[in-house]
Amino acid sequence: EDEDEDEDEEGESDDESEIDFDEEEEDDDDDDESDGEGDGEGEDGSDGEGEDEEQESGESGAESDTLEPAIKNRGKNKKKTKASSSVKQLTAAEADAAASSKLPFVFACPTSEQEVAVLLAGHDASDIATILSRVLTCHSVHLDSRNRSKIEGLFQSVFDHVIKSVRETGTFARADAAMRALYDICQQIPAEAALCVRSWLAQQDAAFDASAGMPALADLVPFKIIERLFPVSDFEHPVTTPAMLLMARYLAHSALNKPRDIVAGLFLTSIFYSYVHEAKRFCPEALNFLHGVLSLAAGRAAEPLPATIETLEARPDMFRLLEKPSIPAKPLELSLLSGPAAAKGTPTVVMSCVATALRLAESFLALYTDHASFAVLHETLVTAAATLPAHASLAPLVAALKAVSPASVHIQPLQLQTQRPIPLPMLTPDFEEAFTGRKVDPDRERREQTKLKALVRKEQKGAMRELTKDSEFLARERLREQLGRDEERHAKLRELNTQLSFQQGEANKEMRKKRKMRK
């Protein structure tokens, strides 16, 4: 299986707890090793990085998968020789190359989950990653803007198919293979992908039933997918913030009706840790759940608990440790969340749940060492862990939990101000015996300034009046001159018209005389 997700969390492997939800697979360790050494072109079902990480010499066997919790388990891997490992890796690479060469390069873009299931039927993880990569390449938004609706439908279809495959098989094989495609689609259409995931979160929130217990594994896996696709360190994000609120609601209100609910809650708590560890966001619901699990394991569910953390709704007799100090604390397996093993509360499962809760509590306390309420949180969780039955497997974990030390143990309580109170100024009223009804300013200088300002305003108004009068006088003079010029021009025109009329009359008389002489 892939190991690309381990690159982001290598720096935290020293101080994080050994918690793992291993998955029971039919493939042996050789197949897991060959799957993790695929080609470097992103066609091996990687989580979006597209680059494979070579294993160290002398070790084989990958971590569970790319959707495992943020807190990894340094489990016991089988030792193999370097020669046999390299031969098997080469054989797997050749087989993947031969299988990829048989796949067509052009695929139709599926528009529903049924079409995705038909398209990916009968293919392994590497082929699924290759098919989805080629579908996205053929219908990329960069080739044609009209492909945006197709890619949006592809994201919805692949997202639904991953949830359905986990619900039917209980494994992460198809989810691992589809992570690279989901990440690439999310880079091309981030807004549409966010709306798709938000609609799924709204459906889960509407369908939540506290009395039914924790959600199924298929309803928890999308939270890990969201953590891989969207940033979790933002102060407020349109996708990751509702996802954290929904996870907090699951942890705070879900009833623990069977051992499977406790395993699911621990798995959800580990996912919550991957959301908050980078920004060190405070998560009281996760601490409340861990404290409740430790209290139930210690048999203190019926006793009153501190007011800082409330107990969970669960049956005290459901989660009782057996008096066998030889029970080992093995990593929890994801098969406990689905299938026939989900309803079994064996002593090994009970011990593993308690060990996982202790590791998670240690991780959260190490995250909140500089928090103002660390002392109260540390005391509450350590007190619950100290009341657990004595077991050889739990003693080191309880000691590690107690060893978490805060950055500062001094807590300054709230106090009133230490300086003397500042007295209020005493304002003696000013009574006027001869009150005239006019408002008089008691300050002399301010009163003089007010008078000067009033005088300036008065002078400005007078100057404006004089300017207005001058303007009107000038306008009247211009009008009188214009009328005089017009009268002179009209007189000249009348004189010219009279002369022309006289001349025209004389000319008409001469014309009549000539006509009479001709006759």
Side-chain angles (χ1 to χ4, degrees), residues 21 23-24 47 64-70 113 116-117 155-179 182 186 193-230 232 239-276 283 285-286 289 312-314 332-343 353 356 360:
F21 293 87
E23 183 181 4
E24 293 183 353
D47 65 333
S64 77
D65 43 44
T66 58
L67 291 177
E68 61 187 351
E113 190 278 329
V116 173
F155 182 88
Q156 180 71 55
S157 303
V158 175
F159 189 79
D160 294 340
H161 178 71
V162 168
I163 298 176
K164 184 177 180 181
S165 64
V166 174
R167 181 177 291 108
E168 293 178 350
T169 62
T171 61
F172 291 160
R174 290 182 177 270
D176 290 337
M179 275 302 302
L182 290 174
C186 190
L195 290 176
C196 172
V197 178
R198 281 174 61 91
S199 64
W200 179 84
L201 292 173
Q203 294 175 3
Q204 295 299 115
D205 183 71
F208 174 67
D209 184 10
S211 61
M214 286 289 178
L217 176 62
D219 296 329
L220 299 179
V221 170
F223 291 107
K224 196 64 180 177
I225 298 177
I226 293 172
E227 187 256 334
R228 300 299 181 187
L229 298 182
F230 301 97
V232 296
V239 177
T240 55
T241 300
M244 286 189 284
L245 292 176
L246 184 57
M247 288 191 295
R249 187 182 181 190
Y250 286 157
L251 292 176
H253 300 288
S254 295
L256 305 182
N257 301 322
K258 49 189 176 181
R260 180 248 168 225
D261 293 330
I262 295 180
V263 178
L266 293 174
F267 177 62
L268 190 60
T269 305
S270 65
I271 297 178
F272 217 142
Y273 179 83
S274 65
Y275 274 73
V276 303
C283 177
E285 292 82 7
F289 181 82
L312 299 175
E313 296 180 1
L332 290 173
E333 300 176 354
L334 288 177
S335 60
L336 297 173
L337 298 179
S338 61
C353 288
T356 302
L360 283 171

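Just so you know, these numbers use all the heavy atoms, side chains as well, and skip hydrogens, waters and symmetry mates.
- One distance of note links CZ of R228 with CD1 of I225; it measures 10.5 Å at 0.5 Å rounding.
- Inter-residue side-chain proximity for R198 and V239 is flagged as met; some heavy-atom pair is nearer than 4.5 Å.
- The side-chain heavy atoms of F272 and L360, taken from C-beta on, include no pair separated by under 4.5 Å.
- With contacts defined as side-chain heavy-atom distances shorter than 4.5 Å, the pair F289/L256 qualifies.
- A210 approaches H253 most closely through the heavy-atom pair CB-O, 3.1 Å.
- Side-chain contact check for D205 versus L201: every heavy-atom pair is 4.5 Å or farther apart.
- Note: F155 and F159 have parallel aromatic rings, judged against thresholds of 30 and 60 degrees for the angle between ring planes.
- Among all heavy-atom pairs drawn from D219 and W200, the shortest one is O-CH2, 3.5 Å.
- Ring pair F208/Y250 is tilted by interplanar angle, where 30° to 60° counts as tilted.
- Using a 4.5 Å cut-off on side-chain heavy atoms (C-beta onward), M244 and C283 make no contact.
- Taking CG of L251 as the start and CG of L246 as the end, the distance is 10.0 Å to the nearest 0.5 Å.
- Residues S254 and D261 fail the side-chain proximity criterion, which asks for heavy atoms closer than 4.5 Å.
- Note: L217 CG to I163 CD1 = 11.0 Å, rounded to the nearest 0.5 Å.
- Closest heavy-atom contact between A175 and V162: CB-CG1, 3.6 Å.
- When atom types are taken as modelled, the side chain of Y273 and the backbone of A286 share no donor-acceptor pair closer than 3.5 angstrom.
- Closest non-hydrogen pair, A193 versus C186, comes out as CB-SG, 4.1 Å.
- Side-chain contact between T240 and I226 is present, with heavy atoms from C-beta onward closer than 4.5 Å.
- Using a 4.5 Å cut-off on side-chain heavy atoms (C-beta onward), I271 and E227 make no contact.
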- Message: As a quick check of understanding, evaluate side-chain contact (heavy atoms from CB on, under 4.5 Å) for M247 and T269, giving each step before the final call.
- Response: CA-CA 8 Å; M247 288 191 295; T269 305; over 6 Å; no
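- Distance check, rounded to the nearest 0.5 Å: CD of E113 to NZ of K164 gives 4.0 Å.
- One N or O on the side chain of R260 and one on the backbone of M214 form a donor-acceptor pair closer than 3.5 Å.
- Of all heavy-atom pairs spanning V263 and C353, the tightest one is CG2-SG, 3.7 Å.
- Across all their heavy atoms, V158 and A178 have their closest contact at CG1-CB, 3.8 Å.
- In this structure, the side chain of R174 does not engage the main chain of H161 through any donor-acceptor pair within 3.5 Å.
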